[in-house]
Each structure stands twice: as structure tokens, then as C-alpha cells.
Amino acid sequence: MFDCIVVGAGIAGATVARKLAEEKGRKVLVIERRSHIGGNCYDKPDDYGILIHEYGPHIFHTGDEGVRAFLSRFTEWYDFGHEVVAKVGDQLIPVPFNLNTLHMVYDRDKAERLEKKLIETYGEGSRVPIMQLRENEDADVREIAEYVYKNVFLYYTMKQWGQKPEEISPEVTGRVPVVISYDNRYFKDTYQSVPLHGFTPMFEQMLEHENIEVWLNTDCTDVLSFVDGKIYFQGEEFTGDLVYTGAIDELFDCRFGRLPYRSLDFQFEHLDVDSFQDHSVVNYTVSEDFTRITEFKFLTGQKDAKGTTIVREYPFAYTGAEGEIPYYAILEEKNEKLYDRYRALTENYPRFHLLGRLAEYKYYNIDAMCRKAMDLADALD
Ligand code: FAD
Ligand code: UDP
């Protein structure tokens with residue numbers, strides 16, 4: 001009946017399913033254990049009619065024309081330059097730290113001198129990871145680096161990861177570099193948008209195809225098993241391609257121990273005011289137990305709702321307990337080694353493909369995930 005099974009209906013699963021169904025004529029079954037499609041991009045109106053992102057704020061940003069064109073077949077976009085501020089004392093300062101921020105935190109003469117120094121050292125428009133900036137031996141540059149390290153990175157990173165910036169992968173802090181320009185936008189990509197009517201309708205369109213069937217509320221471990229190099233689907237041998245986008249350790253009963261992840265507790269609150277913070281995202285970089293507050297109206301451009309809904313994000317270490325969700329892989333050598341042990345188990349199954357932020361134990365954005373899924377679909381016959 002099916003010649004391809006995709007586990008997970010997030011961006012990885014939905015992209016690969018659509019392309020295989022449409023371009024390769026495959027009969028695709030998508031198995032999703034949640035009660036909805038969209039993975040962590042899922043959004044829905046809350047009880048007050050405000051469109052919220054159930055698993056944290058998601059902005060689609062990309063410079064990949066192919067990815068943008070592919071997703072544009074399924075949605076129109078609400079385009080905007082996403083900006084974030086950090087609450088430091090009484091000030092709201094632009095993040096990433098940039099030349100506007102520099103002029104907010106230093107007096108005019110000093111800011112001008114430091115600006116000149118930064119441009120001379122790194123070049124106008126450059127993007128310098130904080131950990132690299134801290135290595136500069138010039139006293140002025142170091143002063144800026146220490147300001148940014150202390151006021152933007154240290155406490156936020158301690159909350160998010162339970163570790164200091166120097167203890168985590170530089171890839172992670174490098175996502176938010178110091179920017180030597182007056183650009184306040186959080187991302188540098190050409191396209192920065194959310195789907196005009198929400199992510200979930202975009203996913204509905206992606207999965208709406210005669211060759212795709214979606215089973216919700218179905219854990220793949222209830223219908224799939226792996227024995228001696230053979231895959232069984234509902235008790236019968238399955239010889240088609242299987243694309244798996246879930247956590248790899250769970251598939252093998254965590255037999256080598258759990259892969260570590262960071263999780264988040266999202267605390268939503270509806271307020272009977274027009275606006276809570278006037279910004280889509282405020283990062284709390286020197287205070288509070290939560291990392292950031294998102295006010296959805298400013299993220300989605302929604303104008304027709306009364307009141308406002310916000311969400312606070314409280315990070316914690318994932319334990320695997322019922323109801324917890326593994327959000328962030330922890331990019332450390334020992335975890336990657338453990339991941340490799342699990343991956344080796346899949347090598348006995350030639351048509352089994354690991355794809356996705358969980359399945360690959362990587363820190364992918366939506367566009368990178370979509371690109372990888374497109375490439376995988378292209379590579380399969
Ligand atoms: P997921 O979206 O996690 O989908 C995997 C799916 O597989 C899930 O629906 C899950 O239920 C299902 N599944 C797992 N195991 C099983 C099983 N055993 N049986 C059946 N189904 C199963 N990226 C951006 O580009 N921009 C952003 O602004 C952004 N913000 C983010 C904010 C937060 C708080 C987080 C955590 C991530 C953010 N990301 C953002 C990253 C983005 O969420 C991911 O790149 C993307 O969701 C990864 O898609 P995926 O398909 O790999 O995984
Ligand atoms: N970060 C920080 N302060 C900030 C923003 C980011 O310390 O104000 C660090 C933190 O370690 C975070 C990482 O940079 O985990 C990457 O930030 P990003 O906004 O990309 O994280 P995401 O949105 O993926 O959670």
C-alpha cells in the first residue's frame with residue numbers, strides 16, 4: 001500500500017513527504033505521534049483568538065532561494081525584519097549587539113572612538129562571534145567584549161544551557177554575533193517572514209496530496225519494528241524507504257543511555273491590555289529565571305484580536321519523563337559519540353534515513369532542515 005514511510009510531520013517530514021509524493025510518485029505514509037502536524041512550528045489560535053506558537057516563537061528566515069520558492073507554493077508570507085531587544089537594567093538594547101547598541105551604552109565620544117576601532121579591526125558590516133571578540137588584546141575592544149559577554153551572553157546562556165558561554169559549543173553563541181553595522185535585525189537573511197495565515201495552514205497544504213496519508217496520534221514504535229536488518233510495518237516486512245525524524249535513542253529503547261537535551265517550559269499568559277512590551281521578543285539577559293518573553297501579535301502581525309498573549313520560556317534539563325519535549329541537542333563531543341553509537345545501529349538498514357533536528361542531533365533552523373529534506377528526496381529514486 002505504501003512505498004515510503006515518514007516518521008514525524010515537522011518541516012523535515014512534511015518536505016520529504018511532499019516531494020516524494022509529487023515528484024517521484026511515491027505512496028507516502030506520514031506517522032505523527034502528536035495530535036497535529038507541523039512539528040515544533042505548529043501554531044493555532046488560543047482561547048482568545050490570538051495566533052500563538054505552541055512550541056516557542058518561530059520565524060522563517062532564509063537566504064536559500066530554492067527553499068523559499070518551495071515553501072512559497074504552500075503559503076503567502078508576512079514579511080518583516082525581525083528585531084529583538086534585551087532588557088538590561090532599565091534599558092532595552094538591540095540584540096545582536098551592534099553599533100546602535102554601542103551608542104546606547106557609551107557616551108558619544110567614547111562610542112565614536114570605539115566604533116572607529118571596531119570598523120578598523122573587523123571591517124564595516126562584519127559579524128564577530130562574542131568568543132572571538134573576547135580574544136582581541138586591544139583594551140578598547142576587550143572592554144566592549146566584556147560588556148557584551150556580561151550583559152548579553154553570560155546569564156542568558158547559564159539559564160538556557162546550565163553552562164557558561166565558554167563551556168558550550170561556539171556554534172551556539174556564534175548564532176548571535178556582534179554586528180559591526182547599524183542593522184538591528186536579529187537575522188541577516190534576505191527573507192524573514194512568517195506564513196501569512198500561520199504555519200499550520202502551510203503544513204496542511206504541503207501534506208494535501210493524493211499520494212500522502214497522515215496518521216496522527218500514532219507512535220511509530222507501535223507500528224514499526226527493526227529486526228536483523230529488516231524493517232517490519234504492522235508485522236509485515238517493509239522494503240520501501242523509511243525516513244525517521246524523531247529522536248534516535250528512543251527508537252532503540254535508549255539502550256546506550258539517553259541522549260542529553262535541553263527542554264523548555266512555555267508559560268503562556270493572556271492579558272487584557274493592547275500591548276505588553278511593544279516588541280515581538282524581549283530577551284532577559286541579566287535578570288529573571290526565564291530567557292525571553294514573546295508577544296505574539298508583534299510576531300504574526302495579527303491586528304484583529306482583543307488583548308494580547310505572551311509566552312515566557314523556562315529552560316531545564318530534559319529527563320525523558322512523560323510530557324517533556326527534547327528541544328535542543330547539546331553539542332558536545334561525548335554526546336556526539338553517543339549519538340554515533342545509535343547511528344551505527346541504523347547502518348544495517350539500507351533504506352532507513354535519519355533526517356531532522358532530533359534524528360541528526362543537530363541545531364538546525366527551519367530553512368536548513370527544509371533544504372536537507374529537499375536534497376534527500378532528490379537523492380532517492
Ligand atoms: P520537529 O519539528 O521536532 O518534528 C519532528 C516530529 O516528529 C514531531 O512532530 C514529533 O512529534 C514527531 N515524532 C518524534 N518521534 C516520533 C515517533 N516515535 N512517532 C511518531 N512521531 C514522532 N527555527 C527557525 O528557523 N526559526 C526560528 O525562529 C526558530 N525558533 C525556534 C524556537 C524554539 C523554542 C525551538 C526549540 C526551535 C526553533 N527553531 C527555529 C528550530 C525549528 O523548530 C526546527 O528547525 C524545526 O522544527 C525542525 O524540524 P524537524 O522536522 O526536524 O523536527
Ligand atoms: N544568546 C545569549 N543572549 C541572547 C541571545 C542569545 O546568550 O540575548 C546565546 C544563548 O546561549 C543562546 C544562543 O546564543 O542559546 C543562540 O541564540 P538563539 O537566539 O539563536 O537561540 P534559539 O532562538 O535557537 O533558542
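We count ligands from 1, going down the list as the structure has it; atoms in each ligand are counted the same way. Here, residue 1 is the first one in the sequence, and each next residue gets the next number.
Under 4.0 Å from ligand 1, the heavy atoms of Thr218 that appear belong solely to its backbone. Under 4.0 angstrom from ligand 1, the non-hydrogen atoms of Met369 all belong to its side chain. Heavy atoms of Pro57 found under 4.0 angstrom from ligand 1 belong exclusively to the backbone.
In terms of protein heavy atoms, atom 4 (C) of ligand 2 is closest to Asn283 ND2, 3.5 Å. The shortest contact between atom 18 (P) of ligand 2 and any protein heavy atom is with Tyr186 OH, 3.7 Å. With respect to atom 7 (O) of ligand 2, the closest heavy atom belonging to the protein is Thr157 OG1, 3.0 Å.
Not a single protein heavy atom sits closer than 4.0 Å to atom 53 (O) of ligand 1.
Looking at Glu250, Arg33, His58, Glu32 and measuring to atom 8 (C) of ligand 1, the nearest heavy atom belongs to Glu32. Of the options Leu224, Ile11, Val194, the smallest heavy-atom separation from atom 46 (C) of ligand 1 is shown by Ile11. Closest heavy-atom approach to atom 34 (C) of ligand 1 within the set Phe199, Tyr327, Tyr328: this belongs to Tyr328.
Ligand 2 places these atoms under 4.0 Å from at least one heavy atom of Val172: 13 (C), 14 (O), 15 (O), 16 (C).
Not a single heavy atom of Tyr155 sits under 4.0 Å from any atom of ligand 2.
For Cys220, a nitrogen or oxygen atom sits less than 3.5 Å from a nitrogen or oxygen atom of ligand 1, counting backbone and side chain alike. In terms of N/O distances under 3.5 Å, ligand 2 is not approached by Thr285.
You'll find the ring centres of Phe226 and Phe352 inside the 6.0 Å limit. For Phe316 and Tyr314, the ring centers are positioned 6.0 Å apart or more.
With rounding to the nearest 0.5 angstrom, the CG atom of Leu29 is 8.0 Å from the CE atom of Met1.
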